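Single-structure report; data block below.
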Amino acid sequence: MRALFPVMILLFWPMIATAKPDPADVAGRVVVHAGDRVFDLPLLDSALHVTVQGDMATVELRQTFQNPAMVPVEAEYLFPLNQKAAVYGMEMRVGDELVRAVIREKAQAEAEFDQAASEGKAAALLTQHRPNMFTQRIANLMPGRPVEVTLRYVQMVPKIDGQHEMVIPLIVGPRYQSPLDTPRPELASAEGIPLENATWSVSPVPAYPPVAGLDLPDTVTSERVSLDVSLTAGVELSGFHSPTHPLLIDQEQDSLTARFAEGKVMDNRDLVLRYTLGGAELQAASLSHHDERGGFLSVLIEPPAVPDEATATPRELVFVLDTSGSMGGEPMKASKRFMDGALRGLREGDHFRIIPFSNTARHFSNTSTPATPSNIRKGRDFVHGLSTGGGTEIDTAVRAAFATDTPEGAIRIVVFLSDGYIGNEARVLKTIRGQIGQARIYAFGVGNAVNRYLLDAMAEEGRGYSRYVALDEDALEVAETLAANLKSPLLTDLQIDWGGLDVQDVTPARLPDLFAGNGLRVMARYDGAFEGEITLKGLVQGRPAQMPVKLSLTETEGDAALPLIWARDRIGVLERQIAVGDRAGQADAEITRLGLAYSLQTRNTSFVAVSQQIVNDSGQEAVEADVPLPVVSGVTAAAYPSQGFAGSSSPEPQAILGLIMVAAMTALGLRPRRARRV
């Protein structure tokens, strides 16, 4: 086989090199073979209904599954949600029957789903694989009988660079699974919870579905997502737009409605909505709610209105640049433009390092380099000559970033540029927690559907910030603007003196630095009524600063969404605690408790809906079928090596051989057949 392998590469390399997906042909049709029957997989239609009041959003996502075949199907659909989304409800409609889903511990939900499937009932099961990655399974999807599943969630809309920005992910990008991430079951306890001080293993990323337009024949209607936005501001509203999708907007002074200009769009890039709220400039504001579960408090903090002047403190900027296969093409062009602008923006007295990485990490220099005009020119030339290919071993790059000493008197700022397409986020976060010290991390996501969960978490661990360069806006211009604005924080070492207020479970657990144009929402639980003052304390450019905030908390109901948002934020803290190996068993149990108490989808709890009526009385077992996903806009085929080879950015030799064989069979008009799944 080894002797044959190079020959096959030579024979089929021209075909492989030119086998690029047509941008106009990125949604497709999958053919399933069940015995002697051939039929299409279920089609999917998604409708987004978004209601925003100020900076709080409620989202209803309706997914419709259809089976055009003549046999029953069990469909599985991989999709994303915002990692801050508090999913609190799910319904399933089958014909005239509307079933409200219930929250269960994950194992129980799976058992109920499997039982319903075996009894011929329609059922839906929602499973969280990561805070931003979910699968929806539909049992006994019958021919000509659509199943409609509706999810509901709430989230806050953060303020970023002076504008409120809401991100609605529409597609899960591929994930590179490192060979280093092989689970070590001997380290886990009998209950499946890692032992203290052991290596914590996350569940594997689900198998990536078939990719339409990359290895699937024919085409069908690809535009399957609609949008209905209703925004009420309460104050002057301006600048509402989407940098990612054309919108039709009907606006009044303090409210608006919007929808996609094209009616429906393809789900191959994330949706971003931005707007500006006017009114009085507040540096702190609070919301509260009280019910039988106790009190819930939210305090919104903005940094002082002082100039973001350059300080005399020198910086060591460590640029960690993803050059894996998934960054090929436009993402790499944007990254190079960013790097060029960032290097030209270095100040006298700064130092810099450049670490490109894929399977391994390289170095522009083994030591920190002074930012002289000559060294900056050499650094720019080094970046210009970089190429892409290989896997995304980001943990190796993180370790390399902290492997040297910081120049005396300088503050280290580690700048990551990546799409975040990896499978084991926990390993990276644990490495950062162990090595961050006093450094800061700025994370820049490059692409149209990046792994925001990972990049946001990296920035939060590093008390920095994350920003994103979408390829559908002017990516090169945006990259250069962001690079020129590698800002320093205005408010650091933030603390809250709660005075006489009894608070518990404050989120975020580690308060980050605050930057100009950004806000920080701190949430907590409290007991009883309170009339008084809390004090915000921190350093403004090294000088102590504080601000009193008056609170009037009663034992009456207020904003009913606050408990859900607090619980989801608290779950996020616990997920991070598990990821870095901090009392994992205790945190895991608390996630389960919160999921059940607040009826929230979590890693340990799932929504399951089961119909009362039997829909499959045909005697035929349902055939498993994945709902195909389109190619992520702007991502090359290098990110998708082959179906069945787990969405890696770096095909192993076996996967390459599989690609060659598939290409050869395609050229000969042949197609592999499987009994249950394609």
Side-chain angles (χ1 to χ4, degrees), residues 83 129-133 172-184 187 194 198-205 318-327 335 355-362 390-403 412-437 439-447 450-468 508-510 512 572-582 584 587 603 639 646-650:
Q83 66 266 26
H129 302 279
R130 297 290 189 273
N132 62 340
M133 183 190 297
V172 175
R175 295 292 188 268
Y176 170 80
Q177 197 71 34
S178 169
L180 301 176
D181 295 336
T182 302
R184 296 166 60 190
L187 294 176
T199 299
W200 182 75
S201 298
V202 297
S203 61
V205 173
V318 183
F319 298 100
V320 184
L321 178 60
D322 186 350
T323 60
S324 64
S326 62
M327 291 289 290
S335 293
I355 305 175
F357 74 94
S358 53
N359 290 85
T360 59
R362 299 166 53 199
T392 314
E393 295 289 351
I394 195 169
D395 187 66
T396 302
V398 171
R399 295 178 185 277
F402 295 104
R412 171 172 285 171
I413 299 175
V414 182
V415 182
F416 279 90
L417 292 97
S418 176
D419 52 24
Y421 287 167
I422 68 166
N424 194 345
E425 295 93 340
R427 180 186 294 275
V428 175
L429 299 180
K430 186 173 183 177
T431 300
I432 291 174
R433 176 71 66 91
Q435 301 193 18
I436 185 67
R440 299 295 192 265
I441 290 179
Y442 299 169
F444 291 84
V446 184
V450 300
N451 186 356
R452 290 175 181 258
Y453 162 59
L454 172 64
L455 297 175
D456 284 356
M458 290 172 64
E460 289 171 13
E461 283 293 327
R463 289 170 294 169
Y465 64 88
S466 54
R467 295 292 183 271
Y468 296 92
R510 302 172 69 217
V573 170
L574 294 167
E575 287 172 331
R576 188 80 54 80
Q577 186 175 316
I578 293 175
V580 300
D582 179 12
R603 55 184 278 134
S648 160
S649 298
S650 175

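We count residues from 1, following the sequence as given. This is a predicted model, so every value here is computed, not measured.
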Flag, side chain of [X] to backbone of [Y], donor-acceptor distance under 3.5 Å:
X      : Y      : answer
Asn451 : Gly420 : yes
Thr323 : Phe357 : yes
Gln577 : Asp582 : yes

Closest non-hydrogen atom pair, [X] against [Y]:
X      : Y      : value
Gly391 : Asn359 : N-OD1, 2.7 Å
Ala397 : Val320 : CB-CG1, 3.6 Å
Arg463 : Pro512 : CG-CA, 4.3 Å
Ser466 : Leu455 : CB-O, 4.1 Å
Met327 : Val446 : CE-CB, 4.1 Å
Val450 : Tyr421 : CA-CE2, 4.0 Å

Derivation of the side-chain contact (heavy atoms from CB on, under 4.5 Å) call for Val428 and Met458: CA-CA 8 Å; Val428 175; Met458 290 172 64; 4.3 Å; yes
State plainly whether the residues Glu425 and Arg130 are in salt-bridge range, i.e. N to O under 4.0 Å. yes
Lys/Arg-Asp/Glu bridge criterion (N-O < 4.0 Å) met for Glu461, Arg510: yes
Can you find a pair of side-chain heavy atoms, one from [X] and one from [Y], that are under 4.5 Å apart?
X      : Y      : answer
Arg440 : Val414 : no
Arg412 : Phe402 : yes
Pro508 : Glu460 : no
Ser335 : Asp322 : no

Pairwise distance [atom1]([X]) to [atom2]([Y]) - rounded to 0.5 angstrom:
X      : Y      : atom1 : atom2 : value
Leu417 : Tyr442 : CG    : OH    : 13.5 Å
Asp419 : Ile394 : CG    : CD1   : 8.5 Å
Phe416 : Ile432 : CZ    : CD1   : 5.5 Å

Side chain to side chain donor-acceptor pair (under 3.5 Å) against Arg399, all qualifying residues, sequence neighbours excluded: Asp395, Thr431
